[in-house]
Every structure is written in C-alpha cells, then in structure tokens.
Amino acid sequence: MATATRTTQICRNFINGQWIDSQSGKTMERRNPANLDEVVAIVPLSSRDEVRQAVRSAKAAFPMWRDTPAPIRGRILARATAIMMDQKEELARILTHEEGKTYKESLVEVQRSINIMDFMAGEGRRIGGETLPSELPKTMAYTIKQPLGVVGAITPWNFPVAIPVWKAAPALIAGNTMVLKPAEITPLTAMKIAEIFSQAGLPAGVFNLVLGAGEEVGDELVQHPDVHAVSFTGSNEIGGLIYGAGARKMKKCQCEMGGKNPMVVLADADLKVAVEAACAGAFGSTGQRCTATSRIIVEDKAADRFVAMLVARGQEYRAGDGFDAASDIGPLVDENQLETVLRYIGIGIKEAKLLLGGGRLTGGSYDRGLYVAPTIFDHVKWDSVIAQEEIFGPVLSVVRVPNFEEALRVANSVKYGLSSAIYTNDSAKSFEFIDRIESGMTHVNASTIWSEAHMPFGGTKGTGIGMREMGSVAIDFYTELKAIYIDYSARKD
C-alpha cells in the first residue's frame with residue numbers, strides 16, 4: 001500500500017524561474033476527495049496582473065529560447081524525462097492525494113507523461129519542413145517550422161500530469177515559451193511539473209505557472225495580446241467561449257473537449273474480452289476521462305449474455321481510497337462532480353433499466369468521501385439523455401441494436417467524436433467501422449481509453465477544434481510554416 005503525505009501545502013506561482021506568493025489576497029481550500037476532513041492545499045486565486053507578469057517573463061525569455069538549437073532544447077526535455085522517472089512514485093502520490101484516482105492509475109498516468117516527454121525530446125532532432133522543386137530555374141524552394149512566441153495552456157483536473165505535459169512538451173521543443181493555468185483543484189501536480197522543468201535546467205521564464213480561476217487567469221491568457229496561441233482541454237461550454245474569443249483576437253486556439261465514446265459489441269465478439277474492456281473503460285479513473293467508454297452498443301443476439309457478464313464483472317469493482325491497494329476506483333473529484341453524476345443517474349433511473357449501482361456509497365469511510373457506485377443501465381434508448389450527454393462518472397449505458405448498420409448509426413448519433421471501439425472477429429466489418437465511424441481515434445478489439453505517446457490524440461465534431469495533440473503532429477499547432485525561395489542564379493562581379 002502506498003503512503004500519502006498528510007501536510008497541507010501552501011501553493012505558489014512559478015514565474016521567471018522563481019516561486020512567488022500571489023498578491024491577490026484570495027485563496028481557496030482543496031480537500032482530499034477521499035476524505036473531505038483533510039485540507040490538501042491552500043490555493044491562490046491569482047489576479048490578471050500576475051498573469052501579465054508571467055507573460056512578460058515568457059516574452060522576455062522567448063528570443064533566447066527560440067535561438068537555442070532544437071537538439072539542445074531536446075536535451076533539457078530528456079533531463080526532465082529522467083527526473084520525472086526518478087520521482088515517479090512521489091508524483092503519483094501527489095496525484096492520488098489531490099485528484100483521487102487510485103495510486104496504480106496515478107503510476108500509469110505518470111508513466112504516460114514520461115513517454116510523451118521522452119518522445120518529444122527526440123523531436124528536437126526531427127523538426128523539419130520540406131524541400132520541393134521550384135517552377136523556376138536555379139531556385140530552391142523549401143519550408144521551415146518556426147515557433148509562435150508566448151503560448152498559453154489551460155488544463156483540466158482529470159489528468160493533471162499528462163495533459164500539461166502533452167501541451168508543454170511540444171510547445172517547448174518547438175521553441176515557444178509557455179504560461180500554464182491548471183485546474184484550481186489540482187495545483188500540486190502542476191507545481192511538481194514546474195519544479196521538474198526547473199531541475200532539468202529549463203531557463204527562467206521559459207515555463208511559467210499561474211494558479212487561479214478561469215474567469216481571471218484563463219481569460220487573461222486568452223485576451224492578452226502577447227499570448228499568440230492557447231491550448232485548452234475541458235468542457236464544451238468553456239471551449240466554445242475560448243475559441244470564440246480567440247477568433248475575435250485572430251489568435252490560434254486548440255480546444256479538446258467532451259466525449260461520449262461508443263463500444264460496439266457484435267454477436268461474434270469474444271464477450272469475455274469485451275466485458276473486461278467495457279468495465280475498464282467505463283469505471284477506470286472513476287469514469288472521469290474524456291475517452292471513457294460511456295455507451296455499449298450490443299447486437300441483440302449477444303445482448304443477454306453480454307449484459308449478464310457485464311453486471312457480474314461490474315459487481316467486482318470496489319470503490320475506495322486511492323491509496324488502498326484493494327480499491328479499483330477512487331472517489332469523484334469534488335462535490336460539483338458528485339452532484340452532476342447523481343443528477344444523471346436520477347435521469348437514467350427514469351429513462352432505462354438500472355442493473356447495478358445507482359447512487360452514492362455511504363457508511364464508514366465512504367461518508368467522508370465522494371464515492372459513487374459503478375452504475376450500469378440497460379435497455380437505454382439511443383436518443384435518451386444518458387445516451388447523448390457526457391456524464392463524466394462511472395456510469396455505463398447499454399443500447400441494444402438488431403445489426404451492424406444500426407450499431408454504426410447509433411454510434412454516430414451523438415455530437416461528440418473523440419474515441420470509439422468495436423469488438424468483432426469479422427475483419428470486413430472492422431474495416432467498414434474504421435471508415436465510417438465519426439471519431440478521431442478508433443480501436444478494434446481494444447478499449448476506447450487506449451492511446452500512445454507517438455500517436456495523434458484528438459476528436460472530431462463537437463469534441464475537438466484546432467489540430468491534434470501528441471505525436472509528431474502536436475508540434476504543428478505551436479509553429480508557423482514559412483515558405484522560402486532562394487534564387488541562386490546570380491553571380492558576383
């Protein structure tokens with residue numbers, strides 16, 4: 001069993017290589033979602049002036065960082081990767097303590113972050129353009145990628161290590177400087193990331209951290225004229241506001257938002273394997289992930305058997321403190337998320353047939369935390385509220401369909417398009433699903449939650465706007481492509 005530290009931490013901003021107390025005079029408490037009696041951190045609600053200070057720092061550092069050769073930038077990221085590996089368990093403990101996911105899930109998230117940084121460090125030797133034939137004689141035509149300048153990142157609480165890393169790493173390797181605004185309720189992991197970059201030798205001002213509310217800190221990043229791009233992950237509501245504000249400022253914006261990810265199970269599938277993937281996808285991370293499996297679309301011929309196996313497996317999932325090795329899922333992140341999930345469960349009870357869970361867990365240590373039982377609804381109508389809207393909790397909806405064509409139609413019936421999966425042994429239907437499913441990522445006989453550091457991450461439709469994250473293509477958002485023509489026909493006299 002992992003051991004958690006139990007000291008309340010006073011959080012500070014990281015600006016120009018220094019830890020600085022906020023001058024706003026406003027703070028909030030962050031409590032452990034597994035035990036609300038415990039105050040984990042006192043978080044400053046920083047002011048717009050403090051964002052401006054961070055932007056000035058980033059702007060001043062940009063020329064030096066831009067002119068640092070990309071392979072040298074890569075070496076610094078490689079050192080940060082090694083430091084994060086050395087501090088993996090400490091970072092995972094911080095993550096479980098403030099966000100609530102199980103310690104084993106936190107270790108996976110930190111390792112994913114290490115993989116991302118490791119890959120991006122290597123991109124320092126691979127950033128390039130194209131050399132193309134010119135229409136003119138004795139003329140060279142080629143392209144290069146150039147950094148934008150100061151960029152902002154606004155990140156959520158559900159993956160508070162991985163998402164800041166997968167925004168910062170490509171931005172920094174491309175030669176940009178950054179100001180990060182993490183979620184107010186997960187400040188400690190963000191502070192640890194800033195510390196690791198500093199320990200790795202990242203020059204002062206290249207990476208800055210400002211803690212606070214979106215209405216102040218996030219909005220100032222979007223509005224500030226010296227911030228040339230903003231990368232956001234979070235809700236559709238906020239993403240729409242950021243994208244609209246960015247458009248009015250003629251500013252690049254990247255918004256990765258919600259998901260309502262389908263897993264199609266055909267009658268010929270290996271049902272045991274599909275059930276494992278469904279439960280891991282729906283209940284892992286307490287369902288608080290944009291790639292969560294939230295809809296099972298199963299062929300009628302296999303539905304009764306599949307649902308019986310699904311419920312039996314779901315009954316084995318145990319909720320509890322993330323530091324308890326026996327826990328399969330942790331608490332929800334805060335009271336607001338608990339209220340949202342319970343509201344959707346109430347809607348589901350009216351719309352469908354409840355087979356498992358269906359409420360808050362109480363009694364003993366559950367009374368001190370924010371726990372919801374893994375919940376399964378069956379006979380869910382494809383156009384019902386719980387089948388269409390993102391719940392962001394351990395709630396799984398089963399929609400029964402007569403055939404593959406209807407499964408595909410139902411899978412595409414939502415406004416989101418992040419991830420998808422199909423379980424079948426029919427290769428022709430697998431490839432047809434790949435061609436026709438409306439999602440940025442798809443999986444065949446694999447869970448909706450899987451992604452890798454060197455592969456693009458992102459969605460279509462209402463899920464994503466403005467280029468993919470992760471993989472080599474992540475650098476494209478943080479650079480401008482310059483076309484160059486050189487006439488080398490002229491001779492000196």
Side-chain angles (χ1 to χ4, degrees), residues 236 258-266 269 271 274-300 302-315 317 329 332 337-338 340-360 372-402 404 406-423 437-439 443 447-449 459 461-463:
N236 283 70
K260 193 67 179 176
N261 310 295
M263 189 177 107
V264 171
V265 181
L266 300 185
L271 298 187
V275 163
E276 284 298 320
C279 287
F283 306 139
S285 299
T286 322
Q288 298 173 130
R289 59 196 311 163
C290 54
T291 57
T293 306
S294 52
R295 294 180 296 153
I296 297 293
I297 303 167
V298 59
E299 263 192 307
D300 284 333
D304 287 343
R305 283 187 299 133
F306 177 82
V307 168
M309 294 168 65
L310 184 69
V311 172
R313 183 68 181 94
Q315 289 172 335
Y317 271 70
I329 66 173
L332 292 168
Q337 195 59 29
L338 175 69
T340 296
V341 172
L342 291 177
R343 178 171 59 83
Y344 275 112
I345 289 174
I347 292 170
I349 289 170
K350 297 175 182 178
E351 290 184 331
K353 183 177 181 181
L354 177 65
L355 297 184
L356 183 68
R360 185 173 185 174
V372 168
T375 297
I376 297 174
F377 289 102
D378 191 13
H379 296 285
V380 177
K381 295 181 180 179
W382 69 269
D383 58 351
S384 63
V385 171
I386 61 169
Q388 291 289 313
E389 297 184 11
E390 185 177 41
I391 299 173
F392 228 60
V395 181
L396 183 58
S397 297
V398 178
V399 181
R400 299 180 180 226
V401 294
F404 171 74
E406 181 64 5
L408 191 56
R409 185 195 70 77
V410 170
N412 286 333
S413 68
V414 297
K415 68 179 181 180
Y416 304 105
L418 180 54
S419 187
S420 61
I422 185 169
Y423 278 76
I437 190 66
E438 297 168 356
S439 65
H443 308 74
S447 172
T448 62
I449 62 177
K461 302 197 295 188
T463 289

Minimum heavy-atom separation for [X] and [Y], please, with both atom names.
{"X": "A352", "Y": "I386", "value": "CB-CD1, 4.4 Å"}
{"X": "V398", "Y": "V307", "value": "CG1-CG2, 3.9 Å"}
{"X": "G348", "Y": "F377", "value": "C-CE2, 3.4 Å"}
{"X": "I297", "Y": "P262", "value": "CD1-CB, 3.8 Å"}
{"X": "I296", "Y": "A278", "value": "CD1-CB, 3.6 Å"}
{"X": "A411", "Y": "V414", "value": "O-CG2, 4.2 Å"}

*Would L271 and Y423 satisfy side chain to side chain contact (heavy atoms under 4.5 Å, CB included), going step by step from the backbone distance to the final call?*
CA-CA 8 Å; L271 298 187; Y423 278 76; over 6 Å; no

Are any side-chain N or O atoms of [X] and backbone N or O atoms of [Y], one a donor and one an acceptor, separated by less than 3.5 Å?
{"X": "R295", "Y": "K260", "result": "yes"}
{"X": "T375", "Y": "A373", "result": "yes"}
{"X": "Q388", "Y": "W382", "result": "yes"}
{"X": "T286", "Y": "Q288", "result": "no"}
{"X": "H443", "Y": "S420", "result": "yes"}

Practice item. List the steps, then state whether side chain to side chain contact (heavy atoms under 4.5 Å, CB included) holds for I391 with T340. Key: CA-CA 7 Å; I391 299 173; T340 296; 5.8 Å; no

At what distance, to the nearest 0.5 angstrom, does [atom1] of [X] lie from [atom2] of [Y]?
{"X": "E299", "Y": "L266", "atom1": "CD", "atom2": "CG", "value": "4.5 Å"}
{"X": "L356", "Y": "I376", "atom1": "CG", "atom2": "CD1", "value": "4.5 Å"}
{"X": "S294", "Y": "E389", "atom1": "OG", "atom2": "CD", "value": "11.5 Å"}
{"X": "S384", "Y": "H379", "atom1": "OG", "atom2": "NE2", "value": "13.0 Å"}

Taking C-beta and beyond as the side chain, do [X] and [Y] meet within less than 4.5 Å on heavy atoms?
{"X": "S397", "Y": "E351", "answer": "no"}
{"X": "L332", "Y": "P394", "answer": "yes"}
{"X": "T293", "Y": "N261", "answer": "no"}
{"X": "L310", "Y": "D378", "answer": "no"}

Using the side chain to side chain contact (heavy atoms under 4.5 Å, CB included) rule, take V275 and F306 through it: C-alpha gap first, then chi angles, then the decisive distance, then the call.
CA-CA 7 Å; V275 163; F306 177 82; 3.6 Å; yes

Exercise for review: List the steps and the verdict of side chain to side chain contact (heavy atoms under 4.5 Å, CB included) for V372 and L338.
Suggested key: CA-CA 8 Å; V372 168; L338 175 69; 3.4 Å; yes

Between E390 and Y416, do the side chains contain an N or O donor and an N or O acceptor separated by less than 3.5 Å? no

Go through the side-chain N and O atoms of S419 and T291 and say whether any donor and acceptor fall under 3.5 Å apart. no

Quick check on K381: does its NZ atom have over 12 non-hydrogen neighbours (other residues, nucleotides or ligands) under 6.0 Å away? no

